[in-house]
Amino acid sequence: NKGASVDDESTSDGERSKAHDSEEADSHSPHDIRMGEEGMLTAKRKVYTARASFSLLEKLMLLQEVKIFRYVPLEYLPDLAKCAVAVYKERGAMIVTEGEATNGTLYIVADGVLGLLKNRGETLDAPSPWASKASAPVERSLLRKLWTSDTMGNTALLHDSIWLYSAVALEDTWLLSIDRAQLADVLRGRRDLASAVIHGLYKTFTRRIKNAVFAGIAPTSFDM
């Protein structure tokens, strides 16, 4: 299995991960961390060629750059970061497959690059769930690339559907995944937080639809 969740690692790996996270958080001195413009956390960027996970601070900084969370008050970001699970995918690993059911999960590119692929010879409309799967290898064309802080699965946070594209890791990639049920628990009883997330989703959807229409592409292929 090329894609392995951090939560599925062995005990020894888990201990190394915790130690890494602790050292990672402690390694940021008061001079490294500060309040930036508009109350955003900033820190000196560090590059890790081989990491075990992401510290809470790194998750906080990344979530600030995610467009659907742009309106979330800073005090709520730690709760969102705690429900974000780091998942590692090797180059060439498939994250989602076109036509398969979504799993109620938002995926955020934390480090690396994803490629969104469309099966060739098909329309951009949603494929029939009753269509038979061809035994021959599927030829796919590249729709676009997702970089750090880009997301996929936005619609899956709202309702179950099917993936209108496939996603593959174009290089070794780390993702943060947020489950719909866990996000609902964080939003429960926090009307201002829920409103901020919904506002961010709405802005993201409208922006993607406008961009798709301008490019002459069916917007349904990008609203996930």
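- Here the side chains of F69 and I178 are in contact, with some heavy-atom distance below 4.5 Å.
- Residues L56 and A81 share a closest heavy-atom pair of CD1-CB, 3.5 Å.
- Listed for the T204 side chain is a donor-acceptor partner under 3.5 Å among the backbone atoms of G200.
- Taking each heavy atom of L176 and A110 in turn, the nearest pair found is CG-CB, 4.1 Å.
- Judged by distance alone, with hydrogens and angles left aside, the side-chain atoms of K59 form a donor-acceptor pair with the main-chain N or O of A84 at under 3.5 Å.
- Atom CG of residue L193 and atom CG of residue L183 lie 8.0 Å apart, to the nearest 0.5 angstrom.
- Taking hydrophobic clusters as Ile, Leu, Val, Met, Phe, Trp and Tyr residues chained together by side-chain heavy-atom distances below 4.5 Å, V109 does not share a cluster with L170.
- With rounding to the nearest 0.5 angstrom, the CG atom of L63 is 11.0 Å from the CG atom of L74.
- Residues C83 and Q182 share a closest heavy-atom pair of O-OE1, 3.4 Å.
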field: Criterion side-chain contact (heavy atoms from CB on, under 4.5 Å) on R190 and D79, from CA distance to verdict
entry: CA-CA 12 Å; R190 298 172 173 175; D79 291 326; 2.8 Å; yes
message: side-chain contact (heavy atoms from CB on, under 4.5 Å) for Y107 and V87? Distances and angles first, verdict last.
response: CA-CA 10 Å; Y107 295 98; V87 181; over 6 Å; no
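- A continuous path of ILVMFWY side-chain contacts below 4.5 Å connects I68 to Y76, so both sit in one hydrophobic cluster.
- Heavy-atom minimum distance, M94 versus T97: CE-OG1, 4.4 Å.
- F54 and W174 have perpendicular rings, their planes meeting at more than 60° on a 0 to 90° scale where under 30° would count as parallel.
- Across all their heavy atoms, E171 and G112 have their closest contact at OE2-CA, 3.5 Å.
- Here the straight-line distance linking atom OG of S166 with atom CG of L114 works out to 12.0 Å at 0.5 Å rounding.
- Here the side chains of I95 and M152 are in contact, with some heavy-atom distance below 4.5 Å.
- Under the 3.5 Å distance criterion, the side-chain polar atoms of D172 are matched with a main-chain donor or acceptor of R91.
- Relative orientation of the Y165 and W163 rings is tilted, given thresholds of 30° and 60° on the angle between their planes.
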field: Chi angles and distances behind the side-chain contact (heavy atoms from CB on, under 4.5 Å) call for L175, I108
entry: CA-CA 5 Å; L175 305 171; I108 304 168; over 6 Å; no
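- With rounding to the nearest 0.5 Å, the separation of CZ in R120 from CZ in R140 is 11.0 Å.
- We find the NZ-CG distance between K145 and L116 to be 11.5 Å, quoted to the nearest 0.5 Å.
- Contact check for T155 versus T102: no side-chain heavy atoms found under the 4.5 Å cut-off.
- When the side chains of ILVMFWY residues are joined at heavy-atom separations under 4.5 Å, either directly or via intervening members, V186 and L62 end up in a single hydrophobic cluster.
- Y71 OH to L201 CG: the interatomic distance, rounded to the nearest 0.5 Å, is 11.5 Å.
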- request: For the pair L77 and L80, evaluate side-chain contact (heavy atoms from CB on, under 4.5 Å) and give the outcome as yes or no after the intermediate values.
  value: CA-CA 5 Å; L77 283 179; L80 291 175; 4.1 Å; yes
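- Among the candidates D185, T105, D160, the single residue satisfying the side chain to side chain donor-acceptor pair (under 3.5 Å) test with R180 is D160.
- Annotation: side chain of L117 is not in contact with side chain of E98 (no heavy-atom distance under 4.5 Å).
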